Amino acid sequence: MARKEIIDEITMKRAVTRITYEIIERNKALDKLVLIGIKTRGVYLAKRIQERLQALEGLEIPFGELDTRPFRDDKPAQENTTEIPVDIAGKDVILVDDVLYTGRTIRAAIDGLVKLGRPARVQLAVLVDRGHRELPIRADYVGKNIPTGHDEEIIVQMSEHDGADSILIERKD
Ligand SMILES: O=P(O)(O)OC[C@H]1O[C@H](OP(=O)(O)OP(=O)(O)O)[C@H](O)[C@@H]1O
Ligand SMILES: O=c1cc[nH]c(=O)[nH]1
C-alpha cells in the first residue's frame, strides 16, 4: 500500500503546542523540569517543546538526548550516543518520543535514564500513540491517538531530519 498522509504540518504543530500547554498545567515546579528526547525524532520534538516553553513561560528548560539502543531487550548496541549535560537526580524528567507502540523503547529509555541518576519523577510525552502495548507503559501527554493494525506502520517525518513535517501510515507487506 502506498503511504498515506494522516496528519499534516499544521495539525502536527498544534499537537506539539497542546502538549506544551499540558506540561505547563500539570507541572507546578517548571524549574525542576528536564526534557530528554529519545533518538532519533524524539530529540527534535523535545527541542520544539523546549522552544515553546521558552516562548510561553520564558524558561530555558535543560535538554538532553537519549540513545536507547544499548538498553534494548533484543540486540543491545555497544555504542551509546546519549548526551545529557545536566544532573537528572531529583529532577522532573519528561521523556519525549515520536511514536509509542509496544512500549519496549520506553522501557529501554527508563533503564538508560536511571543509570544516570535518580529523577524525582519521569513522565512521557509522545506525538503518536498507535496502541499495541506489550508492556505496562502509558504516555502522560499524547499528541494524537491513532488506532492501527499490526500490519501497519506509522511514519513520522520532521523537517529537521526528513525535510518536511508529516505523519503517514503505510501497510506492511
Ligand atoms: O514502542 P516501540 O515498539 O518501542 O516503538 C516505538 C519506537 O520505534 C521507533 O523508533 P525506531 O526504533 O524505529 O528508531 P528511530 O526513531 O531512530 O527511527 C519510534 O521512534 C519509537 O522510538
Ligand atoms: O509504526 C511504528 C512503530 C514503531 N515505530 C514507528 O516509528 N512506527
Side-chain angles (χ1 to χ4, degrees), residues 5-66 68 84 86-114 116-133 135-148 154-162 164-169:
E5 184 178 66
I6 45 172
I7 305 281
D8 65 13
E9 181 186 348
I10 291 173
T11 311
M12 203 162 135
K13 195 172 174 188
R14 286 189 187 131
V16 175
T17 301
R18 184 168 46 74
I19 288 172
T20 309
Y21 276 114
E22 287 177 5
I23 289 172
I24 293 167
E25 281 167 15
R26 291 198 224 156
N27 291 274
K28 297 300 164 224
L30 292 173
D31 56 336
K32 273 179 69 186
L33 288 184
V34 177
L35 287 161
I36 308 251
I38 294 174
K39 290 186 161 191
T40 303
R41 290 170 187 77
V43 169
Y44 306 112
L45 273 173
K47 279 195 179 142
R48 291 186 190 189
I49 293 170
Q50 185 194 38
E51 283 164 16
R52 281 169 177 66
L53 282 166
Q54 168 81 60
L56 292 165
E57 296 291 313
L59 285 169
E60 188 75 44
I61 304 296
F63 167 86
E65 306 184 4
L66 185 60
T68 58
I84 302 183
V86 57
D87 184 5
I88 59 166
K91 296 288 172 56
D92 291 336
V93 169
I94 302 188
L95 281 173
V96 183
D97 206 355
D98 57 346
V99 179
L100 179 57
Y101 179 40
T102 63
R104 288 177 189 270
T105 299
I106 301 307
R107 200 255 351 122
I110 295 168
D111 201 3
L113 200 62
V114 298
L116 299 172
R118 188 172 186 274
R121 189 157 67 126
V122 180
Q123 299 169 77
L124 174 63
V126 296
L127 184 60
V128 175
D129 181 348
R130 58 162 292 190
H132 303 287
R133 221 74 81 236
L135 295 169
I137 282 168
R138 54 147 185 85
D140 300 277
Y141 309 97
V142 178
K144 290 279 166 194
N145 283 290
I146 302 179
T148 58
I154 295 292
I155 299 138
V156 172
Q157 297 184 332
M158 302 195 63
S159 56
E160 301 91 328
H161 194 266
D162 308 296
D165 282 355
S166 185
I167 303 178
L168 307 122
I169 194 161

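Residue indices begin at 1 and follow the sequence shown. Here the structure is a predicted model, which means the values were calculated and not measured.
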(request) Give, for atom OG1 of Thr148 and atom CG of Asp129, the distance between the pair rounded to the nearest 0.5 Å. (result) 9.0 Å
(message) Which residue in the set Ile36, Val34, Thr68 passes side-chain contact (heavy atoms from CB on, under 4.5 Å) when paired with Leu113?
(response) Ile36
(message) Using 0.5 Å steps for rounding, measure from the CD1 atom of Ile167 to the CG atom of Leu127.
(response) 4.0 Å
(message) Using 0.5 Å steps for rounding, measure from the CD1 atom of Ile7 to the NZ atom of Lys144.
(response) 5.0 Å
(request) Among Val86, Ile84, Asp87, Leu35, find the residue that satisfies the side-chain contact (heavy atoms from CB on, under 4.5 Å) test when tested with Pro62. (result) Val86
(request) Before giving the answer on salt bridge (charged side-chain N to carboxylate O under 4.0 Å, His left out), spell out for Lys13 and Glu9 the whole-Å C-alpha distance, their side-chain angles and the decisive distance to 0.1 Å. (result) CA-CA 6 Å; Lys13 195 172 174 188; Glu9 181 186 348; over 6 Å; no
(message) Looking at every heavy atom in both Met12 and Gln157, which two are closest together, and how far apart are they?
(response) CE-O, 3.4 Å
(request) Determine whether the side chains of Thr20 and Arg52 contain a donor N or O and an acceptor N or O closer than 3.5 Å. (result) no
(request) Please identify each residue that fulfils side chain to side chain donor-acceptor pair (under 3.5 Å) with Gln123, with sequence neighbours left out. (result) Asn27, Tyr141
(message) side-chain contact (heavy atoms from CB on, under 4.5 Å), that's the test. Do Leu33 and Ile23 meet it? Break it down for me.
(response) CA-CA 10 Å; Leu33 288 184; Ile23 289 172; 3.8 Å; yes
(request) Could you go through the side-chain contact (heavy atoms from CB on, under 4.5 Å) check for Ile61 and Ile49 one step at a time? (result) CA-CA 9 Å; Ile61 304 296; Ile49 293 170; over 6 Å; no
(message) Check this for me: Lys39, atom NZ, are more than 12 non-hydrogen atoms of other residues, nucleotides or ligands nearer than 6.0 Å?
(response) yes
(message) Quick check on Arg14: does its CZ atom have over 12 non-hydrogen neighbours (other residues, nucleotides or ligands) under 6.0 Å away?
(response) no
(request) Check the surroundings of atom CZ in Arg26: do more than 12 heavy atoms from other residues, nucleotides or ligands lie under 6.0 Å from it? (result) yes
(request) Check Leu135 against Arg133 and note the closest heavy-atom contact, atom names and distance. (result) O-CG, 3.0 Å
(message) Run Ile110 and Leu95 through side-chain contact (heavy atoms from CB on, under 4.5 Å) and show every step you take.
(response) CA-CA 9 Å; Ile110 295 168; Leu95 281 173; 4.1 Å; yes
(request) For Ile94 and Ala125, work out which heavy atoms get closest and say how close. (result) CG2-CB, 4.1 Å
(message) Test side-chain contact (heavy atoms from CB on, under 4.5 Å) on Ile38 and Ile106; report intermediate values, then the result.
(response) CA-CA 9 Å; Ile38 294 174; Ile106 301 307; 3.5 Å; yes
(request) Kindly give the heavy-atom pair with the smallest separation between Ala120 and Asp92, and that separation in Å. (result) CB-OD1, 3.7 Å
(message) Distance check, rounded to the nearest 0.5 Å: Arg118 atom CZ versus Lys91 atom NZ?
(response) 15.0 Å
(request) Quick one: pull up CD1 in Ile6 and CD1 in Ile169 and give me the separation to the nearest 0.5 Å. (result) 4.5 Å
(message) For Leu116 versus Gly112, what's the shortest heavy-atom pair and its separation?
(response) CG-O, 3.6 Å
(request) Please answer whether the main-chain N or O of Arg107 pairs with a side-chain N or O of Asp111 as donor and acceptor at a distance below 3.5 Å. (result) no
(request) Would you name the heavy atoms of Tyr21 and Leu56 that are closest together and state the gap between them? (result) OH-CD2, 3.3 Å
(request) Quick one: sort the Tyr44 and His161 rings into parallel, tilted or perpendicular, breaks at 30° and 60°. (result) tilted
(message) Rounded at 0.5 Å granularity, tell me how far CG in Leu45 sits from OG1 in Thr40.
(response) 11.5 Å
(message) Just to verify, which of Arg41, Lys47, Arg48 counts as forming a side chain to side chain donor-acceptor pair (under 3.5 Å) with Glu160?
(response) Arg48
